[in-house]
Every structure is written in structure tokens, then in C-alpha cells.
Amino acid sequence: MAELRHITSAKDFGFLDFLEIFRTAEELRAIYNDPVKRLSLMYLLKKANGEAFRFRILYSGASTRTIGSFEDAIETMGGEVKTNPLEFSSAAKGETHRSTLRIHGPRCDCIIIRDDKDDYAAKKMAEAAEEYGLATVVIDGGSGSRQHSTQALVDPYTIWRRDKLRFMNGELTLALVGDLSHSRTIHSNLIGLSQFGGKVFLVGPEEENVPDWVFSEIDTNKISVEKIINPRDIAALVDYWYITRIQDNLRKGKRLSKKQIEHYIRVYGASIRKYARTDSWFLHPLPANQEYPEKIDLMDSRFIHYEQADNGFFVRMALLKLIFVPTLDIRTILAEQQSVWVSGYFSRPIELPAQLINAVCPEPSCPRVRVHTNWVDMDPEVKKHLIKAKTVCDRCHPQFYIAK
Amino acid sequence: MAELRHITSAKDFGFLDFLEIFRTAEELRAIYNDPVKRLSLMYLLKKANGEAFRFRILYSGASTRTIGSFEDAIETMGGEVKTNPLEFSSAAKGETHRSTLRIHGPRCDCIIIRDDKDDYAAKKMAEAAEEYGLATVVIDGGSGSRQHSTQALVDPYTIWRRDKLRFMNGELTLALVGDLSHSRTIHSNLIGLSQFGGKVFLVGPEEENVPDWVFSEIDTNKISVEKIINPRDIAALVDYWYITRIQDNLRKGKRLSKKQIEHYIRVYGASIRKYARTDSWFLHPLPANQEYPEKIDLMDSRFIHYEQADNGFFVRMALLKLIFVPTLDIRTILAEQQSVWVSGYFSRPIELPAQLINAVCPEPSCPRVRVHTNWVDMDPEVKKHLIKAKTVCDRCHPQFYIAK
Amino acid sequence: MAELRHITSAKDFGFLDFLEIFRTAEELRAIYNDPVKRLSLMYLLKKANGEAFRFRILYSGASTRTIGSFEDAIETMGGEVKTNPLEFSSAAKGETHRSTLRIHGPRCDCIIIRDDKDDYAAKKMAEAAEEYGLATVVIDGGSGSRQHSTQALVDPYTIWRRDKLRFMNGELTLALVGDLSHSRTIHSNLIGLSQFGGKVFLVGPEEENVPDWVFSEIDTNKISVEKIINPRDIAALVDYWYITRIQDNLRKGKRLSKKQIEHYIRVYGASIRKYARTDSWFLHPLPANQEYPEKIDLMDSRFIHYEQADNGFFVRMALLKLIFVPTLDIRTILAEQQSVWVSGYFSRPIELPAQLINAVCPEPSCPRVRVHTNWVDMDPEVKKHLIKAKTVCDRCHPQFYIAK
């Protein structure tokens with residue numbers, strides 16, 4: 001897997017990135033769901049010096065899921081996060097995204113930026129980070145009506161969990177329904193799904209179309225895309241329906257007429273369920289408006305948008321893990337919580353939390369590990385699973401040993 | 001005491017609940033006011049696995065006291081809290097309270113909701129939590145012009161602290177003054193006070209009345225309620241005056257005329273002090289407007305609204321304690337901070353922080369407690385006060401003992 | 001150095017205060033920039049009982065730098081901070097700053113207040129804290145168009161770091177350029193700079209002038225101030241240019257005409273660089289508007305506004321250190337992180353983290369320090385650097401020794 005850094009487009013994820021993120025999400029989910037192990041996750045977003053990674057979420061517009069799940073993911077993994085509305089940052093006084101990045105960057109490991117008004121918010125910040133040589137990672141949390149890059153993880157992950165093999169083999173038929181021009185989640189999902197292949201129907205009113213730039217970012221050899229006006233025409237084929245609301249807040253100028261909205265709600269909403277296959281599934285990025293009755297999930301079990309929303313938490317944890325501590329084997333943070341037996345200091349062996357060990361000797365057969373400043377012995381078989389600083393011990397390199 | 005869960009109305013508190021909350025508030029206050037002991041409170045909002053309880057405060061409209069005191073209470077007790085304006089959640093895009101609860105619920109132990117526009121905000125969320133089988137607790141922090149459930153703890157607690165016996169015996173005379181129709185704190189207080197009995201005068205302009213639904217929730221056999229237009233008529237009787245401002249932000253449509261406001265300020269404000277009894281007291285939920293001169297508390301010591309505001313912190317700590325760790329004896333978190341003597345590992349007894357003990361043998365006469373993975377002996381009289389996991393020790397059930 | 005408490009004006013800093021803050025900022029910077037030592041800073045904003053100092057940042061209007069750097073400074077130093085927009089506090093319902101202070105004060109060690117609409121926001125809060133006998137410290141983070149007290153630390157600190165001796169000797173020539181009437185940073189800087197002496201040109205349009213009250217707060221014997229219309233006239237003399245934007249958000253009523261704005265941008269902006277000395281420097285409090293092209297710092301290395309912004313973090317850390325833990329020698333928090341050898345408990349000396357020592361005997365020659373509840377011996381030379389509670393040991397005052 002290539003190293004992930006800034007996430008400014010769904011295109012930043014390759015096929016193997018998706019699979020690695022999904023696999024990691026499953027691993028983190030299993031730990032999270034075990035109350036005894038859950039606290040181990042607190043060791044993930046920590047630097048070598050023990051410091052927590054520091055995040056800032058900057059946002060304009062409204063968000064429940066994206067920001068809530070990022071916040072929860074960061075805190076569950078032991079990072080520190082501050083969330084600031086852009087309305088209350090100097091953005092309101094004309095500060096550019098580039099300048100905001102430069103100001104927070106030197107003391108911030110990651111900025112998650114969501115801006116409903118600027119299609120290139122994340123890109124601008126990522127460029128500024130490079131320009132100023134800052135280590136700060138920029139993650140798109142929704143840029144105007146263009147992209148919502150991490151939503152392209154949430155939705156495919158939900159499909160993958162239900163239909164692993166068929167999805168990875170490109171055997172599924174998906175319908176992205178609704179506000180094709182302005183739904184940034186449709187744009188990001190289409191880019192993401194194109195890595196998996198399969199058939200995608202774009203279903204929406206005649207005048208609505210996915211913008212051309214999206215097509216320039218996908219491999220149309222791998223995926224088959226077709227525009228459909230009436231969802232009923234393809235209902236027999238579709239495995240997953242992806243419904244969206246009219247993106248009022250992302251439309252610039254041209255609002256829909258009342259008649260158009262009524263038509264939209266009637267044709268492109270939950271009514272599709274009347275003729276959709278009984279073994280098909282309905283996704284929705286939420287929030288929903290009239291196109292989607294509030295308790296539809298209680299009436300029809302094909303509507304799995306809350307499962308989809310819950311997945312956002314796990315997949316975002318996985319993304320952060322792979323960006324910030326890519327080489328860390330998650331199993332080792334569990335090993336860290338265990339007890340180990342050490343000998344050679346007191347007159348008999350004692351059992352200690354593995355956390356008290358602060359270094360191990362890198363010689364594979366050497367049993368020496370350091371507890372505080374004392375080298376003691378432990379089972380080399382257990383020792384090899386510990387993630388600790390490597391320091392040559394006093395026996396392996398006795399010349400470094402300074403007698404006290 | 002019945003178990004407390006969702007708090008969506010002052011009616012959720014019975015007479016014994018009030019007394020238990022008040023008693024707990026006093027106990028927590030004593031610990032908080034002792035700088036040495038204060039940090040012990042950090043152990044209250046923790047789960048069995050050591051994880052902190054997680055809170056989200058969601059609010060529309062403005063708040064200093066309710067949200068500030070909940071935040072401080074949660075953090076003082078070791079919980080984690082995030083505060084999000086609803087203006088910046090997807091509520092702004094049409095998301096319902098029901099849906100917001102379902103999204104945050106799975107990763108959130110408690111949502112405190114304040115919504116100046118929705119009379120049933122907390123109720124909707126509490127229903128959704130039950131509908132989806134979520135453990136999330138919902139607490140009303142002010143719902144429209146209807147209720148402000150925890151304010152019904154703050155104000156009676158303030159009265160109780162000054163007049164314990166007379167209040168509990170229903171011997172006090174109280175006047176709830178001002179915006180009877182729209183003051184949600186008057187509604188909640190009336191419901192709460194009805195548990196204590198006594199005489200309550202509702203004092204306000206002729207056209208203002210406490211809504212009928214409030215009367216349907218109180219036991220009018222226990223409390224005597226009377227509507228009064230002119231506060232002067234009852235001044236000789238009143239022990240506690242509860243002044244309120246005109247609830248501009250909670251009135252829908254019908255604003256008062258300038259003349260009406262002037263009349264309100266003249267008759268239903270701090271001017272009452274001119275003829276109120278010298279041994280009566282003045283409460284106010286704050287913030288105050290013109291009805292209440294800013295420095296009135298410095299001019300007249302009967303005005304104890306800041307004492308009342310300070311009480312909000314302690315009574316909200318008590319509420320959270322009783323909801324989230326109801327069976328925990330507060331005295332034991334103090335015991336946890338002490339030192340204990342253990343023997344049987346080293347050649348002589350050593351003194352340890354009680355926190356290092358992670359389990360005790362449940363046999364009352366057995367002296368065995370576990371430090372890390374080793375069973376050692378301690379005084380059974382001291383042992384019985386420790387709040388620890390119960391695990392049968394290696395001596396009491398030697399068959400479970402696996403020799404190392 | 002006099003003790004610092006409320007900071008409501010740049011005038012609260014005397015010449016020696018400036019120097020002590022600058023020196024402390026350098027010391028903190030060195031620790032912060034060393035990843036191994038950085039975490040030691042977490043011990044700074046702690047009370048004797050181990051509790052973190054609690055901060056609230058209340059603000060109206062927009063801020064990136066002031067609030068961001070205060071937040072980062074507080075958290076880096078181990079304090080706790082909550083940031084609340086005043087729009088969402090009861091201020092929106094008419095609550096006064098005085099009342100807000102009284103509500104938060106009892107549970108809050110410091111309030112940092114920024115209010116773009118109230119010239120006396122911080123002063124009102126500081127007065128209320130005194131009036132109610134609250135320990136809460138009030139720090140001005142920008143009061144209307146009047147002052148921005150801590151900005152008067154950031155800008156002189158930036159100059160001092162580049163030209164220590166010339167600045168302290170009053171040998172520099174500075175030009176404060178732009179919105180002389182409304183730029184609160186110009187007002188605060190002028191008051192601050194007047195402590196250092198030197199020559200200051202106030203450069204702005206004919207109708208703009210620094211208000212009279214500013215001049216009444218500075219010592220005009222020490223500093224020479226002159227009003228200039230055209231920056232070109234003095235370009236050969238100026239060592240530091242301080243550019244500001246038109247303070248749209250701080251102007252009450254009288255906005256500039258389009259023509260005036262164009263003139264302002266042409267004359268009082270970055271165009272000055274065309275004739276400024278090659279060895280002069282350009283500062284700007286940011287955010288910048290049209291007067292200052294976005295990437296000017298990449299085109300012209302004399303523009304050091306980002307260095308200036310970065311300095312805000314260090315100088316604010318220093319300020320908080322000097323207010324809240326003035327007597328703490330920063331070198332000792334580093335000593336705390338070290339290991340020490342103690343003897344007298346086990347049969348041979350052991351090495352321990354110095355943090356485990358909770359008290360030292362105040363007798364200089366006595367080697368006794370307390371680890372948990374046991375008195376042990378250590379090298380008195382090392383002992384004297386530890387910052388610990390002083391308790392007379394069992395040997396120096398054997399009558400206090402209670403045998404176990």
C-alpha cells in the first residue's frame with residue numbers, strides 16, 4: 001500500500017487502499033466492540049514521545065455524521081481534537097484557506113476541512129501545507145458540491161461488508177439516484193466505486209447530470225456507467241440503491257421550482273422500494289428530507305442507512321490509523337495491555353504490565369528488556385511481539401554499560 | 001429510589017428523588033470544596049473498564065448556566081463532553097431530533113438536548129433511544145417554552161438548602177412571578193414544587209397564565225396554587241419570590257407591546273423588594289433584563305440568584321451521579337485514594353495506594369486482595385470498603401489456582 | 001517583576017514584564033522544539049493538588065490566531081480549555097459581561113474574553129471578578145476597536161527576537177501603518193512599544209488618527225511619535241513596517257467609500273515594499289485583505305507575518321506561565337522527568353522516576369525524601385532541584401514519627 005497523506009479526492013484511494021482500509025476497519029471494530037479491549041485503541045494516535053496527535057476540524061455549513069464520527073474516532077484512538085466553525089474563524093474576515101492552514105499547521109498534525117461553499121477547500125489547504133513544508137495532513141470532509149472524499153469510503157465499505165466477493169469481483173449493480181449535479185457524495189462514490197468495477201446507473205431528472213470532471217477521474221474500462229431517467233426501468237437489475245436529497249445548501253443560484261421538487265420526491269425517493277427487488281438494499285448519505293420518510297427503516301428492513309452511518313466511525317478510524325501510524329500492527333497494542341514475567345532484578349520472577357517495559361534489546365535471542373532503567377530478562381518469544389524502542393542491552397554490547 | 005434514566009420532564013423526579021439528589025449534591029459539594037479530595041470526583045463518571053462516560057450537549061439558542069454547569073459537572077466527575085450548536089449540525093439541513101439521536105447514540109452515553117424552538121425535543125430523542133434499543137440517556141436542558149427539567153432541581157435545591165424542614169413539610173409560600181405563559185422554568189418549577197406541597201402564587205399580568213398541561217401534571221391536593229395579578233397583594237405572605245424575564249426568544253409570533261413591557265418591568269421585577277418581607281428571598285433563573293437591575297444583589301442581600309446559579313453545578317453533578325453510577329457509594333471513591341498495607345509478597349509489609357488493588361476476594365473474612373496478578377493479604381476491615389472487582393482468591397478456591 | 005493578574009490593557013505590562021515574558025517565551029520555545037522534552041510542559045498549568053487550571057475562552061466575532069494560539073498554549077501546558085462563542089451564550093439574551101463572569105467564575109481559573117463590539121469587555125469582567133472576590137483571572141483577547149492587549153506582546157516579541165539590543169536601547173524606527181483610528185492592534189502596540197522608546201511613525205490617511213486616549217497612556221518622553229500621511233516620505237528611516245487591514249468589522253456606522261478603500265490599498269499596503277529599505281521588515285497582525293497579496297511572503301522575504309503569528313503561541317505560553325505559576329522555575333519541570341537513585345528501603349539502591357517522590361525534607365543537608373509513604377535517602381545535591389512539597393522527615397523531627 002502506498003503511503004496515504006492528504007485526502008482531497010476519492011481518487012486518492014486505490015483499489016488496494018480500499019481493501020486495506022476495510023480490513024483495518026473490521027479489525028478496529030472487533031476491538032471496539034469488546035469493552036475490555038476498547039481502551040487499547042487509546043494507544044493508536046500517539047507519537048513516539050507519547051504525545052497525542054492533534055487534530056482540528058474546521059467547518060462551514062452543517063454536519064452531524066462526518067464531524068461527529070471523526071471526533072469520536074479521534075478521541076477513541078487517543079488523539080486530541082478541536083472543532084471550530086469557520087464562521088467564527090478569521091475566514092469570516094477574509095482569511096484564505098491557505099493562510100488558515102499556515103497559521104494552525106505548525107502546531108497541528110491534521111486539519112479536517114469541510115466547506116460547503118468552496119469546491120477546492122481541501123486542495124488549497126493541502127497545497128499550502130506542501131508549499132510551507134508543514135507536516136500537517138489535510139483531509140477533505142466535504143468540499144462544496146464537488147467531493148466528499150471520505151464518504152467514498154463509508155458507502156463502499158457498507159456494500160463490501162454485505163457482499164464482499166461480488167463487490168470485489170465487480171459483479172454488483174448499483175444505482176446512484178437523485179441530485180446528480182450537486183450531490184458531492186454521488187461524485188465521490190462514483191470515483192470510488194470505479195475501482196471495484198461493476199455496473200452503475202446514474203438515475204436522475206433529465207436536466208441533472210454528473211459533471212464531466214468526474215468522468216475524467218474514473219476508469220470507464222473497469223466500470224460501466226449509464227444515465228437513466230426513470231428508476232423503474234432498471235429496478236430488476238439493481239442490488240444497491242443510493243438515494244440522495246436535493247442539495248439545497250450546495251446549489252448556487254438555480255433553485256428548483258416547487259413542481260420540480262414534488263416530482264423529485266415522487267420519483268427519486270423511497271417510493272422506489274415499491275418496485276425494487278426484495279433482496280436489494282437502500283443507502284442514503286443522510287440527512288434525508290421529504291424524499292425519505294423518517295421511519296422508513298422501521299417499516300422496511302432494506303433501508304440500511306443507519307448501519308451505513310455507523311460504519312462511518314469505523315472506516316474513519318481505519319483511515320486515520322493508516323495515515324498516522326501505518327506501520328503499527330494493531331495486534332501489538334493488545335499485547336501491550338498484557339502481563340509479562342520478568343526476572344533478574346528481585347530474588348524471584350515478578351509479573352508486570354508490559355507497558356512498564358520501555359525498551360527491548362534488538363538481538364532476537366537476547367532476553368533483555370528494560371524496565372525503567374534496569375535491564376531484566378523475559379521470554380524472547382513473548383518479547384518479539386512488544387512494540388518498544390530498540391536499544392542494545394548491557395550484555396550484548398557491554399562496552400556501553402556504565403556501572404552505577 | 002426508582003432508577004433514573006431519561007429526564008424529559010420535571011415530573012420524572014418524585015419526592016424521594018428530589019431528596020436523594022439534594023443529599024447527594026451536599027455530599028459532592030463537600031468533596032469539591034476540599035482541594036485535596038476534589039480530584040477523587042474524577043472517578044465517578046467512569047465505566048467498569050475504566051472508560052469515561054461520553055456526553056454530547058446539543059443546543060440551539062443561547063445558554064450560559066445550563067450548558068456551562070453541565071460541562072463543568074461532567075468534566076469535574078471525569079466524563080468527556082462535546083458541545084455542539086444545533087445550528088451547525090445537520091438539524092440545519094432538516095435532520096430530525098430522532099435521526100440525530102440515532103446517529104450519535106451508538107457512541108454516546110448521554111445526550112443533553114436544549115432546543116428553544118421545539119417543545120418536545122427531549123421527548124422525541126428519548127423515544128428514539130428506546131425505539132432503537134440504544135443505552136443512550138437523554139436529558140432535557142430546555143425544550144421550547146414548555147419545560148426546563150433540571151432547572152426544577154436547581155431552584156428547589158436552593159430553597160431546600162435555606163429552609164430544609166419548612167420546605168419539606170410544605171410550610172413555605174412561594175411566588176412564581178412574571179412570564180407565566182412562556183417561562184419554561186416556571187412550568188418545570190411548578191411541577192417540581194408540587195411534590196413538596198405548600199402555597200404557590202402565580203403572579204403575572206392578567207393575560208398571562210400557566211398553560212393547562214402543567215396543571216394536569218401536578219397533584220393539586222398536595223399544593224395550593226392561586227393566580228394573582230398584583231404582587232403587592234400577597235407580599236406579606238411570600239417566603240420566596242421567583243422572578244423571570246420576558247421570554248422574548250421563546251414567544252412565537254405574539255411579541256409584547258412597548259407599553260406592556262414597561263408595565264411588566266415596573267410591576268413584576270425587582271421593584272417588588274420595596275414591599276416584600278425583609279426575611280423573604282429573591283430567585284431568578286437568569287439571564288435578567290430590565291426587570292432586574294444588574295447589581296441588585298450587591299444592594300439587597302435578599303437577592304440570591306448567584307447562589308442559585310452556583311447550586312446548578314452541584315445539583316447537576318448529583319443528577320449525573322444518580323443516573324450513571326447510582327449504586328456507587330461516594331465515600332468509597334475517597335477510600336480508593338487512601339493507602340493500604342499489604343503483606344505476603346515481599347519479606348515485610350509494604351504500603352500501597354489502594355488504586356493498585358484490582359480485585360478482592362468476596363469471602364468476608366478472607367484477607368486476600370490482588371495487586372496486579374499477585375494475591376496478597378490486607379486487613380479485612382479495610383478491605384470491605386474498597387470498590388473492586390470480586391474474584392475468588394487462590395486460597396478460598398485453590399482448584400482455580402494455577403501455579404506459575 | 002510585579003505580579004501579573006488581569007490583563008485588560010497593554011499598559012498592564014511594564015518594561016521588565018516585557019523582558020521577562022520574552023525570556024520565558026524563549027525558554028519555553030526551546031523545550032517545545034525538543035520532542036523529548038515537550039511533554040514536560042504539561043506540568044506547568046497544574047495546581048498543587050494536581051488539578052489542571054481551567055480556562056474558558058468567550059468570543060464574539062471571528063478569530064484564528066488569538067484563540068487558536070491560546071488554545072494550543074493552554075493544552076500544551078496541561079491546562080483545560082473550553083471555547084464558547086458569545087453568540088451562543090446568554091449574552092445573546094441580554095446577559096452582561098459582569099454577570100457572565102460571575103456565573104463561570106467560581107469554577108474557572110481564567111476567562112479570556114474577546115468582544116468585537118464592546119471596547120471595555122475585559123475591563124468589565126476584571127472589575128466583576130474583584131467585586132465578587134473571585135480568583136478568576138481575566139485576559140483581554142481583543143476589546144472592540146480599543147485594545148488587543150496580548151497582541152502588544154506578539155509584535156514587540158517578534159522585533160525583539162530579531163534586534164534585541166537595538167530594540168531595548170530604543171534605537172529602532174517603526175512605522176504603524178493603516179487604519180490608525182480602528183486598529184486595536186495599533187493602539188495596543190503603540191502603548192507597548194512606548195516602553196521601549198525609539199521612533200514611531202503613525203502612517204495613515206489624513207482623516208485617520210490614533211485616538212487621544214492612547215496618547216494619555218504612553219510616556220511621550222520615552223518614545224517619539226509622529227503622524228505621516230505618505231509612507232514614502234519616511235521609507236529610508238523605517239526598520240519595521242507594521243501594516244494593518246481596514247477594520248471593517250470594528251467600524252461603527254461610518255464605512256469607507258469604494259474610492260477611499262482603493263486609495264488605502266494602493267498607498268498603505270504591501271506596495272510600500274517597492275521603496276522600503278532592503279533591510280527593513282514587514283509585520284501584519286493578519287488576517288490580510290487586498291492591501292496584502294496572499295503569497296507576498298513567498299515573493300519577498302522581508303514579510304515575516306507568519307513568523308510573527310507563530311510567535312503568538314510562545315509568547316502566550318509565557319504569559320500564562322507568569323500569571324499562573326510565576327514562581328516555578330521551568331528547569332525544575334525538566335528535573336522532574338529525570339531518574340533519581342534512592343536507598344534505604346530495599347536491600348540495595350534503586351532508581352526511580354523523580355515523579356514518584358511526593359515530598360522532601362526541607363533540611364538542606366538531610367537526604368530524606370518521601371516515596372509514597374516511606375522516607376528514603378537520596379543525594380541532597382540532586383534533591384535540592386526537585387519541586388516537591390516540603391515535609392519535615394521522621395529523622396529530623398522524630399517526635400512526628402509514628403511507628404507502624
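Throughout, protein chains are lettered first and strands after them, A, B, ... in sequence-line order, and every chain is numbered starting at 1. Only a predicted model underlies this, so the values are computations on that prediction, with no experimental measurement involved.
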Chain C interface, residue from B:Glu71, B:Met42, B:His305 that has the most non-hydrogen pairs under 4.5 Å = B:Glu71

Under a 4.5 Å heavy-atom cutoff, which of C:Glu51, C:Glu131, C:Glu80, C:Lys47 has the most pairs with chain B?
-> C:Glu51

Could you tell me which residues satisfy side chain to side chain donor-acceptor pair (under 3.5 Å) with C:Arg114, sequence neighbours excluded, listed by chain and number?
-> C:Thr66

Between C:Tyr132 and B:Tyr306, what is the ring plane arrangement, given parallel below 30°, perpendicular above 60°, and tilted in between?
-> perpendicular

Those residues at least two apart in sequence (or on a different chain) that pass ring-ring contact (aromatic ring centres under 6.0 Å, His included) with B:His284 are B:Tyr292

Exactly one candidate in B:Asp118, B:Asp116, B:Ile113 meets side chain to side chain contact (heavy atoms under 4.5 Å, CB included) with B:Leu86; the answer is B:Ile113

So what's closer than 4.5 Å to chain C heavy atoms on B:Asp72: side chain, backbone, both or neither?
-> both

Identify which part of B:Gln308 has an atom lying under 4.5 Å from any heavy atom of chain C, answering side chain, backbone, both or neither.
-> neither

Chain C contacts, top residue of B:Gly68, B:Ala288, B:Ala309 (heavy-atom pairs, under 4.5 Å) | B:Gly68

Among residues 100-107 of chain C, those lying within the under-4.5 Å heavy-atom range of chain B are C:Thr100, C:Arg102, C:Ile103, C:His104, C:Pro106, C:Arg107

Taking the six-membered ring of B:Phe282 as reference, does the NZ or CZ atom of B:Arg302 fall below 6.0 Å from its centre and within a 45° cone about the axis?
-> no

So, the part of B:Ser69 with a heavy atom under 4.5 Å from chain C: the answer is both

Given ring pair (Phe, Tyr, Trp, His ring centres under 6.0 Å), test C:Phe70 with C:Tyr59 step by step and report yes or no.
-> CA-CA 12 Å; C:Phe70 263 125; C:Tyr59 71 117; over 10 Å; no

How are the rings of B:Tyr268 and B:Tyr264 set to each other: parallel, tilted or perpendicular (split at 30° and 60°)?
-> tilted

Listed partners of B:Lys82 passing side chain to side chain donor-acceptor pair (under 3.5 Å), at least two apart = A:Glu75

Hey, are C:Asp377 and C:Arg368 close enough for a salt bridge, meaning a charged N less than 4.0 Å from a carboxylate O?
-> yes

